[in-house]
Protein chains: 2
Amino acid sequence: MSSEPDISKHDAVEVLRLDRQLCFALYSAANRVTRLYRPLLDALGITYPQYLALLVLWEKSPRTVGEVGEALDLESSTLTPLLKRLETAGLIARGRDPQDERRVIVSLTPAGEAMRDKALEVAEQFFCKLDTPLPELIELRERLKRLAV
Amino acid sequence: MSSEPDISKHDAVEVLRLDRQLCFALYSAANRVTRLYRPLLDALGITYPQYLALLVLWEKSPRTVGEVGEALDLESSTLTPLLKRLETAGLIARGRDPQDERRVIVSLTPAGEAMRDKALEVAEQFFCKLDTPLPELIELRERLKRLAV
DNA sequence: TGCATTTATATCGTACGCGATTAAATCGTA
DNA sequence: TACGATTTAATCGCGTACGATATAAATGCA
């Protein structure tokens, strides 16, 4: 009957609403966080993904490109140019593993090590910028981790 | 005393651990979600950000570039090329607003409208891929929205 | 040993994302 | 009404992300 509402069309309108999409909430929040970090990291002369790579190396250095990629869930096609920039910046050194020439070993330079203290300040400043209670942030973080696929 | 633990160094090690960083959880989850959408959207011939732009237009079309940008929290430097690609794909039309020649009006073409039904399937398939209870996803989405800055 | 297979990076092309800048149209106001 | 300020998109340069492919080294195995 023409007087009946078109249920399937109504569903499409509702289901596809931007403010209902988890994917957009995630996309948008990730972009916002990158923008929040930018001015803090500009002062250190590094980008946000470069900061993440350094976090990995501050935990353990040296590491292979593959290990860094596994930690960050990134391909070598992303990491190789990024690591070369960190090398050019004098923060890391890159070289083939003598034991296995396929591997490239990445290690922090003294300058890279020294940047850790400044990174700690960045983390604090970011927390201040967020202006959100810590338990809320932790809860969000754990829920994001659970989304792992 | 040299036997005392270096508290501040210990703090740096702990605070900067990758698995403690909200920023990395967000970054990583966003990348993963993009990778999950890719094969679904490949079938439609669009990318993930293009899909988000279409979501905006499926809610209301026509709209100006500025309105789309506000909805997605993106700059014209990102949107202009993206919208041109959607135009080339025949999904949208772009043209200056006769009332105000500064504005560019973006509107869905019939092909763009028609793609909405397929998008609904994509949203369903994505939900299946996530394999996570709906309340959990809703809770995460709302927490992400609260992170707005 | 010899050679196919596997593994670890690198390279390439495409598409973002954004700050900085530019260009054009409109607005506000003296 | 003239004209500087504001608004709106577009352009440019840089740095990701990633799939596809290439390359070289190591490994497996007949």
Side-chain angles (χ1 to χ4, degrees), chain A residues 23-24 26-54 62-70 72-89 94-106, chain B residues 23-24 26-42 44-54 63-70 72-89 94-106:
Chain A
C23 68
F24 175 65
L26 199 47
Y27 168 87
S28 190
N31 285 346
R32 284 199 307 271
V33 163
T34 301
R35 283 198 296 266
L36 276 183
Y37 266 103
R38 191 183 307 275
L40 305 177
L41 295 176
D42 276 352
L44 307 194
I46 58 176
T47 66
Y48 180 63
Q50 288 167 15
Y51 171 74
L52 297 178
L54 288 174
R63 268 161 121 103
T64 67
V65 170
E67 285 169 341
V68 176
E70 190 172 5
L72 296 177
D73 197 9
L74 290 177
E75 301 296 316
S76 71
S77 46
T78 301
L79 268 182
T80 296
L82 186 155
L83 294 173
K84 281 183 177 175
R85 282 179 207 108
L86 286 178
E87 185 184 30
T88 301
R94 286 174 352 111
R96 292 281 167 179
D97 181 350
Q99 257 67 60
D100 183 343
E101 292 278 350
R102 289 173 304 181
R103 290 193 233 272
V104 167
I105 293 182
V106 181
Chain B
C23 68
F24 174 66
L26 201 46
Y27 168 86
S28 189
N31 285 345
R32 284 198 307 270
V33 163
T34 302
R35 282 197 295 266
L36 276 183
Y37 266 103
R38 190 184 308 275
L40 305 177
L41 295 176
D42 275 352
L44 307 194
I46 58 176
T47 66
Y48 180 63
Q50 288 168 15
Y51 170 73
L52 296 178
L54 288 174
R63 271 160 119 103
T64 67
V65 169
E67 286 168 340
V68 177
E70 190 170 7
L72 296 177
D73 197 10
L74 290 176
E75 300 297 317
S76 69
S77 46
T78 300
L79 269 182
T80 297
L82 185 155
L83 294 173
K84 282 183 176 175
R85 284 187 278 271
L86 285 177
E87 185 184 30
T88 301
R94 287 172 353 108
R96 292 279 168 184
D97 181 351
Q99 257 67 62
D100 183 344
E101 291 279 347
R102 290 172 303 182
R103 291 192 231 270
V104 167
I105 293 182
V106 181

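Proteins get letters first, then strands, A, B, ... in listed order; numbering begins at 1 in each. Quick note: numbers below take in every heavy atom, side chains included, and nothing from hydrogens, waters or symmetry partners.
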[N] OP1/OP2 closer than 4.0 Å to side-chain N/O of [X]:
{"X": "A:Y48", "N": "C:dC18", "result": "no"}
{"X": "B:Q50", "N": "C:dC16", "result": "yes"}
{"X": "B:R85", "N": "C:dC16", "result": "yes"}
{"X": "B:K84", "N": "D:dT11", "result": "yes"}
{"X": "B:R32", "N": "D:dA17", "result": "no"}
{"X": "B:R102", "N": "C:dC27", "result": "no"}
{"X": "A:T47", "N": "D:dT16", "result": "yes"}
{"X": "A:T80", "N": "C:dA10", "result": "yes"}
{"X": "A:R35", "N": "C:dC18", "result": "yes"}
{"X": "B:R103", "N": "D:dT8", "result": "yes"}

Which part of the nucleic acid, if any, lies within contact of A:T64, taking any heavy atom under 4.0 Å across all strands shown: a base, the sugar-phosphate backbone alone, or nothing? sugar-phosphate
If we ignore angles and hydrogens, is there a donor and acceptor under 3.5 Å between the side chains of A:T34 and A:R38? no
Looking only at non-hydrogen atoms, find the nearest pair between B:Y48 and A:F24 and report the distance.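 What the structure gives for the nearest pair is OH-N, 4.3 Å.
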Report the nucleotide, chosen from C:dG17, D:dA26, D:dA10, that has the shortest atom-to-atom distance to any side-chain atom of B:T78. C:dG17
